[in-house]
Protein chains: 2
Amino acid sequence: MPEKVTIATVARRARVSRQTVSNVLNAPHIVREETRLRVQEAIAALGYRANQAARQMRTGRSRLIAVRIEPTRDGINGSVLDRFLHGLTETAETAGYRTMLYTATDDQQEIATYDDLLSSYELDAFVLTGTDHGDPRTAWLAARGVPFVTFGRPWDAPESHPWVDVDGAAGTAAATAHLLAAGHRRIGFVGWPAGSGVGDDRRTGWHRSLVAAGVDPVGLDRQTPDGIAEGERVARELLDRATPTALVCASDSLALGALQAVRARTPAVPVIGFDDTPVAGAIGLSSVSQPLGEAAARCVDLLTAVLDGSHPATDHVLLQPSLVLRHTT
Amino acid sequence: MPEKVTIATVARRARVSRQTVSNVLNAPHIVREETRLRVQEAIAALGYRANQAARQMRTGRSRLIAVRIEPTRDGINGSVLDRFLHGLTETAETAGYRTMLYTATDDQQEIATYDDLLSSYELDAFVLTGTDHGDPRTAWLAARGVPFVTFGRPWDAPESHPWVDVDGAAGTAAATAHLLAAGHRRIGFVGWPAGSGVGDDRRTGWHRSLVAAGVDPVGLDRQTPDGIAEGERVARELLDRATPTALVCASDSLALGALQAVRARTPAVPVIGFDDTPVAGAIGLSSVSQPLGEAAARCVDLLTAVLDGSHPATDHVLLQPSLVLRHTT
DNA sequence: TTGTAGGCGTTATCAA
DNA sequence: TTGATAACGCCTACAA
């Protein structure tokens, strides 16, 4: 087991004071080159690394960011956040931050966790996902001046804090446009109940695309909580009542259900899902793909900008999704 | 923004010394009850929480455990580790530990990360996944006396360190037994190339089950790297050459491919996968399910035992998987 | 440009 | 049983 290497060990070896070593680390430009090189050589030779706990005590910064990990719901949509999490961890690492995980069952408990995390570990920032109308979490963090960024727009007040999001409406619009181009007119939409920002956004794209093409969308959409069985049920209902010739869905789960419903119909009824989850790839379901890696990277960008005190021109990033076509269209 | 509450704030309010507050926190039994209650009241009233960085400086312990997050490969098998990670975070929280994430591209880089994590953040322990024969990571950690537990057996030396694993052989044996009970004799196996501990383990269960039933397994299995296309290819090959009437697969990806291969065969060829990933649930694929939440919990148990210095009777845990039957059987 | 002194919040040691 | 003192490793002021 190697002995603990502190700033003092380095100082001794380089025959300078501890302060000079600290300067080499934090303000290299004020150290004479010859001295700096000697210190850097000592650092490398000893494998010295600054102790975060000690640094944090002085600076109050931990170089740690917190992200919530969700219970996997149906396991399909959960993969979206998992992919985001991976991208986040990776990008944060290259920016010199580590990622810390926490769980929470509801907003209030999550806020209690913020409090705990902040006072025990002095986290530098939070990355929130799944924001919705009137989110109490963002209000709490903002009130305390805690840096944070959300993956997902604040639907109420778009300017209130830094966020990164993917343009869901553009995604469903592209899906709808693709079907229109293929000659379809009566294109149905299977979505979530009105009221959720994300769900409404995705419905909007379909609606707007249809209207632009001169098709009346009335009666062509259905709403249901997420799930495969739910998707199948309402898709069947939609097919029976409104006879759409193609379907756009708000999620891959819904699309999977819709796929069951359209099975064996002639002519075939194309179905397009949302999120391009592994399931979609596995079964050949066309889907709208979110650039999750880039979204994560931009979140880190925004965060480091805030943490370094530099105020960038823009702190709202809206990314464009892409349509991945497979067998089902 | 609330003022920072330190042990001194609490001490002042409770009219005791800082040391007494510390004792109430870390050794309550040596404090007179009356004093202790007064201090606890002050702690509650002020919302005091011990600062981890300061505590860590003194004790050298961070109450942090590290887990690696993998790049999602095909996104199907990746979900296994994601579910494990969720369970781990949750259980660790209840045990008073937080989870820190890191990424690594190969074993050497991962070891470099250990070094970094250990000297910068003084992590208390590591949870490793995906161990294989002659894993350099466990050797490195063991040599330095760093506490760790692996999810996955050390295939070379079963006694060398604490581990938790799921009995893969029992899983494929159960799958095979189920098919045997349904009247099948020529049951094929689609697995990974020999040499990986996990893959060989899963093949063993199928092999043993067949032999026990008096069926000669020779020629009834194929090997391929993981993947849907790969699974389809070798399953097709197997069906053509060895005419199995049912298939057991080493993963859901392979099973998904096999499902393509057996499509439209009469009589139907049942397929059973492994891992019970969301995809399996979504498309009705029967699969062997690992108790990932429990595995994670046991990992935390083992870790806390090591960290608290108590040496439990057993530090090797082998959990039993369960067979989830769906349409494909 | 380099060195010295002090303190961040906590706990271990030892004395009262 | 409680309290005073020192120390963990680092960084910021200030002095040399």
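Just so you know, these numbers use all the heavy atoms, side chains as well, and skip hydrogens, waters and symmetry mates. Quick note on labels: first sequence line is chain A, next is B, and so on, each numbered from 1.
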* Heavy-atom side-chain contact between B/Leu64 and A/Tyr121 under 4.5 Å -> yes
* Kindly compute the distance separating CD1 (B/Ile43) from OG1 (B/Thr9), expressed to the nearest 0.5 Å. => 11.0 Å
* Take the angle between the ring planes of B/Tyr114 and B/Tyr102 and call it parallel below 30°, perpendicular above 60°, tilted in between. => perpendicular
* **A/Gly96 backbone acceptor or donor facing A/Arg63 side chain under 3.5 Å** => yes
* Under 4.0 Å from any heavy atom of chain B: name the first and the last nucleotide of DNA chain D that qualifies, 5' to 3'. => D/dT1 to D/dG9
* To do: With the side chain counted from C-beta on, respond yes when A/Gln290 and A/Phe151 share a heavy-atom pair under 4.5 Å apart, and no when they do not.
  => yes
* Structure fact -> The correct set of residues in residues 14-31 of chain A placing a heavy atom under 4.0 Å from DNA chain D is A/Arg18, A/Gln19, A/Ser22, A/Asn26
* Asked: Would you say the side chain of B/Phe148 lies within less than 4.5 Å of the side chain of B/Val306, judging by non-hydrogen atoms?
  -> no
* Does any non-hydrogen side-chain atom of A/Leu307 lie less than 4.5 Å from one of A/Arg61? -> yes
* **Polar contact flag, side-chain donor to acceptor under 3.5 angstrom, A/Thr20-A/Ser17** => yes
* To do: Check every nucleotide of DNA chain C for an atom under 4.0 Å from a heavy-atom of chain A, then give the first and the last such nucleotide from 5' to 3'.
  => C/dT1 to C/dG9
* Structure fact -> Computed from five pairs at either end and rounded to 10 degrees, the angle between the axes of the helix from C/dT1-D/dA16 to C/dA16-D/dT1 is 40°
* Asked: Looking at A/Arg49 and B/Asp115, does any basic side-chain N land under 4.0 Å from a carboxylate oxygen?
  -> yes
* Rounded to the nearest 0.5 Å, how far does CZ of B/Arg298 lie from CG of B/Leu88? -> 14.0 Å
* Taking only heavy atoms on the protein side, list every residue of residues 45-66 of chain B lying under 4.0 Å from any atom of DNA chain D, sorted numerically. => B/Met57, B/Arg58
* Is there a side-chain contact between A/Val39 and A/Val31, using heavy atoms and a 4.5 Å cut-off? -> no
* Scan residues 93-113 of chain B for pairs that pass salt bridge (charged side-chain N to carboxylate O under 4.0 Å, His left out), counting only residues two or more places apart or in two chains. => A/Asp116-B/Arg98, B/Arg68-B/Glu110, B/Glu93-B/Arg98, B/Asp107-B/Arg137, B/Glu110-B/Arg137
* Evaluate the side-chain proximity of B/Thr113 to B/Phe126: yes if any heavy-atom separation is below 4.5 Å, no if none is. => no
* A/Arg153 side chain vs A/Asp165 backbone, donor-acceptor pair below 3.5 Å -> no
* Do B/Val67 and A/Leu101 have side-chain heavy atoms sitting under 4.5 Å apart? -> no
